[in-house]
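Per chain, numbering begins at 1; letters A, B, ... match sequence-line order. Computed over heavy atoms, backbone and side chain alike; hydrogens, waters and symmetry mates excluded.
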Number of protein chains: 2
Amino acid sequence: MKAFSSYQNPALAIDLVVFGYHEKTLSVLLLNRKEAPFKDQWTLPGAFLQMEESFLQTCSRILQTKLGMDNVYLEQLYSFDDPARDPRGRVISVTYYALVNPSKFQIVAGQMANDAQWFNVQETPALGFDHQDIFDKALQRLKAKILYFPVGFQLLDELFTMPELHELYECILGISIDRRNFRRKILDAEYIINTGAKREGSQNRHPDLYKFNKQLKQNNFQLNIS
Amino acid sequence: MKAFSSYQNPALAIDLVVFGYHEKTLSVLLLNRKEAPFKDQWTLPGAFLQMEESFLQTCSRILQTKLGMDNVYLEQLYSFDDPARDPRGRVISVTYYALVNPSKFQIVAGQMANDAQWFNVQETPALGFDHQDIFDKALQRLKAKILYFPVGFQLLDELFTMPELHELYECILGISIDRRNFRRKILDAEYIINTGAKREGSQNRHPDLYKFNKQLKQNNFQLNIS
DNA sequence: GCAAAAGTGTTCGGAGTACACCCATGC
DNA sequence: GCATGGGTGTACTCCGAACACTTTTGC
């Protein structure tokens, strides 16, 4: 075997698809690049992996440094390898998607914050690199995942109402779901606990406030929504 | 931005989990290493990515050079990043799993073929590196995938019988499935076409021979086996 | 009391499950 | 004709889909 360091290796980048849910809208966080290539175009936040870093450490570095976020849900998405995907040279991109509650963070606080902006996933601008492919795959994954994993709790406040959870599912899946059937399925799965408190302030009946049931194992869950 | 080549990059390997189905057994193809590290231990076939290669090109190179295989079903599995996963240094592994029909290939024909061997997935030896993790994830993925995607056709001959397909599903999922209900679900999904021919030679009634319906879109498929 | 939204219950149909029965083949 | 395994059909059950009613709140 050859000496290990004699191989030439491609650069390795981590790119993130950061999803946020706010005011009945699913959004993705994009950065406006200040340098070439793709100067002044929108791209996903990312960074090059450093030699001693794990993927998740790089993710955290991106989230903290560029976006001022921490402690968010992360899941590896896919690795992209098109030799032409970066005009600067060979760059492999290992991608993750993140689910955050935008109300918890002020993205204007980060170092490149002037350039960070939430976009409705339905109205994204043209993206540099192959980031449109990455974003498409992330959205597809999220839509599939939500049917068998309680991802909603990463996007909502700690306490939330049944109608709020219901709207989140309708928004992400892009379909309308009967609220009564949805309610029964969610309650039967025992994924949420009624706290007894109610959300006040609305003009109508005050809905119950629920919290996520952290005790429950997160397997064996299937929503089965047509 | 720094000069692009000034970054130090980890090595990038591709590792493959090659599944084969033969004689009612799901097997995985392993290589016995001749060099350190993990000399004389079993590992997944793999290679380092070359600068101009795509992931799939590296996969094909591994399959052809080391195993004498070509034209197999491949799907990206996951990327592994533990900084300590390779004692030689920092190596990222992008993994794929492959589905092959062992009867189509003679693995003794490859360059390292003396060291290649099929193992029943239930009886795998200790694996070097973090390859046990990779294998576990591949098997888990395969079990999930078979429920909503017709992967079986990659593992069987072009013509196959309903009992053969049935046994494949029972074998991969590790459960028993009512053969009559299985039959109806598969036929209702219109994934296979009865060729009219029958498999001869058995002592009992000669089962019909089916082929895969390549016309059919491979989405919207759900097997729903409990 | 009225409108709007939230909580609760009921009916219906289809798909999954658990079965039993018949057919073809080699001995 | 007999054993073995393959092809076909049927009743039951449960869950998802569709839908109506009651309750709470602010005005």
Side-chain angles (χ1 to χ4, degrees), chain A residues 23-24 144 146-148 150 152 156-157 159-171 173-211 213 220-226, chain B residues 23-24 144 146-148 150 152 156-157 159-171 173-211 219-226:
Chain A
E23 293 183 350
K24 307 182 182 180
I146 198 174
L147 293 179
Y148 63 91
L156 297 173
D157 293 333
L159 296 181
F160 53 89
T161 68
M162 187 67 76
E164 285 166 0
L165 187 64
H166 177 235
E167 269 167 356
L168 171 65
Y169 273 75
E170 288 192 328
C171 176
L173 292 172
I175 60 176
S176 68
I177 307 168
D178 185 280
R179 67 184 179 88
R180 293 152 291 189
N181 294 333
F182 176 82
R183 179 190 193 80
R184 178 162 17 85
K185 284 179 192 171
I186 292 291
L187 289 178
D188 286 353
E190 297 185 330
Y191 265 93
I192 61 178
I193 300 171
N194 193 327
T195 63
K198 295 178 184 300
R199 183 175 304 289
E200 320 246 326
S202 77
Q203 185 171 344
N204 312 309
R205 178 171 181 169
H206 295 167
D208 296 351
L209 281 170
Y210 293 85
K211 63 179 178 181
N213 179 5
N220 299 336
F221 177 49
Q222 190 81 27
L223 208 53
N224 278 19
I225 291 173
S226 67
Chain B
E23 292 182 352
K24 307 182 182 181
I146 198 175
L147 293 178
Y148 64 92
L156 297 173
D157 292 334
L159 296 181
F160 53 89
T161 68
M162 187 66 78
E164 286 166 1
L165 187 63
H166 177 234
E167 269 168 355
L168 171 65
Y169 273 75
E170 287 191 330
C171 176
L173 292 173
I175 60 176
S176 69
I177 307 169
D178 184 280
R179 67 184 178 87
R180 293 152 290 189
N181 295 332
F182 177 82
R183 180 189 192 81
R184 179 160 19 84
K185 284 178 190 171
I186 292 292
L187 290 177
D188 286 352
E190 296 185 332
Y191 266 92
I192 61 178
I193 300 170
N194 193 328
T195 64
K198 294 178 186 301
R199 182 176 306 286
E200 318 246 327
S202 76
Q203 187 171 341
N204 312 309
R205 178 170 180 170
H206 295 168
D208 296 350
L209 281 170
Y210 292 85
K211 63 179 179 182
N219 303 329
N220 299 335
F221 177 50
Q222 190 81 27
L223 207 55
N224 278 19
I225 292 174
S226 65

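- One atom, CZ of B:Arg184, and another, C1' of C:dT17, lie 8 Å apart when rounded to the nearest Å.
- Interatomic distance, OG1 of A:Thr195 versus OH of A:Tyr210, reported as 9.0 Å (0.5 Å rounding).
- B:His166 places no side-chain N or O within 3.5 Å of a backbone atom of B:Arg183 that could act as its donor or acceptor partner.
- For the contact set between residues 198-206 of chain B and DNA chain D, defined by any heavy atom under 4.0 Å, the members are B:Asn204, B:Arg205.
- Looking only at distances, a side-chain donor or acceptor of A:Asp178 sits under 3.5 Å from a matching main-chain atom of A:Arg180.
- In terms of polar N and O atoms assigned as donor or acceptor, the side chain of A:Arg179 comes within less than 3.5 Å of the base of C:dG7 in a complementary pairing.
- Residue B:Ile177 contributes atom CD1, which lies 17 Å from atom P of C:dC19 at whole-angstrom precision.
- At whole-Å resolution of the value, CD1 in A:Ile175 and C1' in D:dA17 are 13 Å apart.
- For the pair B:Asn181 CG and D:dG7 C1', the computed distance is 14 Å after rounding to whole Å.
- With hydrogens and angles ignored, no donor-acceptor pair closer than 3.5 Å exists between the side chain of B:Asn224 and the base of C:dA15.
- Considering CZ of A:Phe160 and CG of A:Asp208, their distance stands at 12.0 Å, rounded to 0.5 Å.
- Taking CG from A:Leu173 and CG from A:Leu168, the interatomic distance works out to 8.5 Å, rounded to the nearest 0.5 Å.
- At a cut-off of 3.5 angstrom, counting only N and O atoms as typed in the model, there is no donor on one side facing an acceptor on the other between the side-chain of B:Arg180 and the base of D:dG6.
- The distance between atom CG of B:Asp188 and atom P of D:dT8, rounded to the nearest whole Å, is 13 Å.
- Under the 3.5 Å distance criterion, the side-chain polar atoms of B:His206 are left unmatched by any main-chain donor or acceptor of B:Ala197.
- Per the geometry, CZ belonging to A:Phe182 stands 13 Å off P belonging to D:dG16, to the nearest Å.
- Here the P atom of nucleotide C:dA15 and the CD atom of B:Gln222 are 14 Å apart, to the nearest Å.
- Taking each heavy atom of B:Leu159 and B:Arg199 in turn, the nearest pair found is O-NH2, 3.5 Å.
- Put simply, CG on A:Asp178 is 13 Å from C1' on C:dG7, counting in whole angstrom units.
- The phosphate of C:dT8 (OP1 or OP2) has a side-chain N or O of A:Arg183 nearer than 4.0 angstrom.
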